[in-house]
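Every chain is numbered from 1, with letters handed out A, B, ... down the list of sequences. Below, all heavy atoms of this structure are taken into account, side chains as well, without hydrogens, waters or symmetry copies. All values derive from a computational prediction rather than experimental measurement.
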Amino acid sequence: MSIHYRAVEWNRVKIFYDGLIVLAVATYIAGYLILEARLVPPQDRPAESELYVRAFGSATFLMLTAILSIGPLSRLDRRFLPLLYNRRHFGVLTFFVATAHVAFAINWFLATDALPGLASDLTNWAGYGEFIGFPYEALGIAAFVILLIMAATSHDFWLSFLTPKVWKTLHLALYAAYGLVMMHVALGGLQLDRTLFLPLILVGGFGTVSVLHVLAARCERAHDAPTATGGDGWLVVGTPQSIPDKRARIVVARGGERIAVFRDGARVGALSNLCAHQNGPLGEGCIIDGYVTCPWHGYQYRLADGCAPPPFRDKLATYRLRLSGGSVEVDPSPLPPGTPATIEV
Amino acid sequence: MTRAQRLFHRLVWPALIVMVTLGLSFALALRPPVVGPPDAQTQTQTPTP
């Protein structure tokens with residue numbers, strides 16, 4: 001991780017992707033507003049606010065669907081990895097679009113003098129016991145709070161402060177936000193809207209994300225089988241040539257812990273498969289300029305001892321290796337992070 | 001991802017799929033009927049004092 005922080009980390013690639021995403025979102029919202037205003041011209045201020053609520057709300061849902069699809073797509077096909085690299089900025093932009101949706105919704109309540117009614121709906125506890133009639137605004141507010149927390153803690157400072165494990169766990173709340181948004185629309189807009197648009201984007205969006213996650217999980221399951229062990233519990237990796245040069249073979253210790261065994265020419269080293277940045281799958285990366293490089297965000301480590309190059313200070317756990325009967329074997333017990341442990345083969 | 005995060009992913013998706021599918025199906029099935037404006041004939045037949 002960096003030793004100092006910048007407000008927004010931009011480089012040429014990130015600027016390109018961010019520009020593309022902003023353009024796509026702006027095109028969708030402008031297209032929605034123009035098309036619906038032509039089909040059903042708003043007659044008054046509340047109808048105008050409602051139009052904006054729907055445009056920004058549907059954009060938020062589609063953006064969340066896209067964000068949740070990036071993870072499984074990257075697991076299934078490495079060509080989607082650049083999207084993963086830019087996912088955080090996409091997430092923050094989603095929060096801003098959701099904020100616009102909330103602002104226009106408040107504007108609608110003000111224009112129809114319904115703000116006091118909203119407060120009484122939210123505190124009508126009997127409504128929470130019903131299905132149709134559930135205060136769907138509460139679901140939207142809960143989803144918005146989750147998006148706010150995620151956007152506020154998206155910066156690397158929070159990643160470092162909270163530790164990658166806690167940060168990543170906190171950001172898994174996005175799944176809860178997605179479910180809340182689904183039900184917010186199903187019990188709100190869908191109850192009044194009789195067009196096919198809402199059912200189509202809800203079923204299509206959720207169906208796509210679900211299928212991608214199930215496929216990615218099936219793919220992951222194939223890597224779960226524990227690796228064969230020798231008599232003394234060391235994991236058998238295979239011959240040195242079976243490890244592709246500048247790449248890794250991932251072995252699985254009993255209990256499911258994954259170890260990435262890299263080969264750099266005649267040198268073999270084993271590191272934890274978890275990148276110190278965001279717990280990315282280090283073993284799916286490769287060695288670039290002599291450093292093991294994470295495929296998610298390009299964080300680098302020395303193969304020799306698992307230390308990030310100066311001035312960075314991250315360290316990974318390393319593992320003892322040996323060559324036994326022409327086969328590389330790895331001790332499943334990790335060494336303290338930063339301990340040199342490579343062997344010549 | 002850590003083992004716990006992998007396990008979470010494997011548990012959360014089936015649960016989310018079941019809950020959202022049920023919720024969405026019920027929300028669609030239980031939608032209130034559309035109440036249209038009363039037509040002109042009904043209006044003219046309304047008895048007046």
Side-chain angles (χ1 to χ4, degrees), chain A residues 68 71-72 75 130-134 136 139 164-165 168-169 171-176 178-183 185-194 198-199 202-203 206-207 209-214 216-218 220-221 223-224 252-253 255-258 272-275 278-281, chain B:
Chain A
L68 283 172
R75 310 286 310 150
E130 295 169 11
F131 185 67
I132 301 293
F134 189 95
Y136 68 93
L139 300 171
K165 200 172 172 181
K168 192 79 185 163
T169 305
H171 282 238
L172 289 176
L174 185 62
Y175 297 116
Y178 192 59
L180 288 166
V181 167
M182 287 288 300
M183 293 318 295
V185 182
L187 298 176
L190 198 64
Q191 295 303 307
L192 301 171
D193 191 288
R194 283 297 183 271
L198 274 183
L202 286 180
V203 173
F206 187 74
V209 176
S210 302
V211 168
L212 285 172
H213 274 270
V214 169
R218 280 183 65 180
E220 275 284 300
R221 198 179 285 268
H223 301 297
D224 274 350
V252 183
E257 201 61 64
R258 293 179 183 179
S272 161
N273 193 46
L274 296 174
C275 176
Q278 277 191 29
N279 294 156
Chain B
M1 283 187 287
T2 61
R3 275 176 296 169
Q5 286 161 356
R6 283 203 302 270
L7 184 68
F8 175 83
H9 267 94
R10 282 173 200 179
L11 293 177
V12 80
W13 270 103
L16 206 60
I17 288 170
V18 170
M19 284 195 293
V20 170
T21 305
L22 280 176
L24 199 57
S25 307
F26 277 115
L28 278 168
L30 299 175
R31 281 201 287 187
V34 182
V35 182
D39 56 45
Q41 202 180 8
T42 316
Q43 278 179 343
T44 52
Q45 285 174 352
T46 308
T48 49

* **Listed partners of B:Leu22 passing side chain to side chain contact (heavy atoms under 4.5 Å, CB included), at least two apart** => B:Val18, B:Phe26
Suppose we count any N or O donor within 3.5 Å of an acceptor, strictly below that value; which pairs fall between chain B and chain A?
{"residue": "B:Met1", "atom": "N", "partner": "A:Asn279", "partner atom": "O", "Å": "2.7"}
{"residue": "B:Arg3", "atom": "NE", "partner": "A:Glu257", "partner atom": "OE1", "Å": "3.3"}
{"residue": "B:Arg3", "atom": "NH1", "partner": "A:Gly255", "partner atom": "O", "Å": "2.8"}
{"residue": "B:Arg3", "atom": "NH2", "partner": "A:Glu257", "partner atom": "OE1", "Å": "3.2"}
{"residue": "B:Arg6", "atom": "NH2", "partner": "A:Gly256", "partner atom": "O", "Å": "2.9"}
{"residue": "B:His9", "atom": "NE2", "partner": "A:Tyr175", "partner atom": "OH", "Å": "2.5"}
{"residue": "B:Arg10", "atom": "NH1", "partner": "A:Asp224", "partner atom": "OD2", "Å": "2.5"}
{"residue": "B:Arg10", "atom": "NH2", "partner": "A:Asp224", "partner atom": "OD2", "Å": "2.9"}
{"residue": "B:Trp13", "atom": "NE1", "partner": "A:His213", "partner atom": "ND1", "Å": "2.9"}
{"residue": "B:Ala27", "atom": "O", "partner": "A:Gln191", "partner atom": "NE2", "Å": "2.9"}
{"residue": "B:Arg31", "atom": "NH1", "partner": "A:Leu190", "partner atom": "O", "Å": "3.0"}
{"residue": "B:Arg31", "atom": "NH1", "partner": "A:Asp193", "partner atom": "O", "Å": "2.8"}
{"residue": "B:Pro32", "atom": "O", "partner": "A:Arg194", "partner atom": "NH2", "Å": "2.3"}

Side chain, backbone, both or neither: which part of [X] has an atom under 4.5 Å from a heavy atom of chain B?
{"X": "A:Leu274", "answer": "side chain"}
{"X": "A:Leu172", "answer": "both"}
{"X": "A:Val214", "answer": "side chain"}

* Asked: Given side chains that start at C-beta, do those of B:Leu24 and A:Leu202 come closer than 4.5 Å, heavy atoms only?
  ->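 Answer yes - side chains close enough.
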* Asked: Considering all heavy atoms of both residues, which atom of A:Leu187 and which atom of B:Ala27 are nearest to each other, and what is their separation?
  -> CD2-CB, 4.2 Å
* **Nearest atoms (heavy-atom pairs only) where B:Val20 meets A:Phe206** => CB-CZ, 3.6 Å
* To do: Between chain B and each of A:Pro199, A:Ala186, A:Gly256, count heavy-atom pairs under 4.5 Å; write down the option with the most.
  =>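 The option with the most such pairs is A:Gly256.
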* Could you have a look at A:Ala176, A:Ala217, A:Ala216, A:Gly255 and say which one has the most heavy-atom pairs with chain B under 4.5 angstrom? =>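 Answer, by heavy-atom pair count under 4.5 Å with chain B: A:Gly255.
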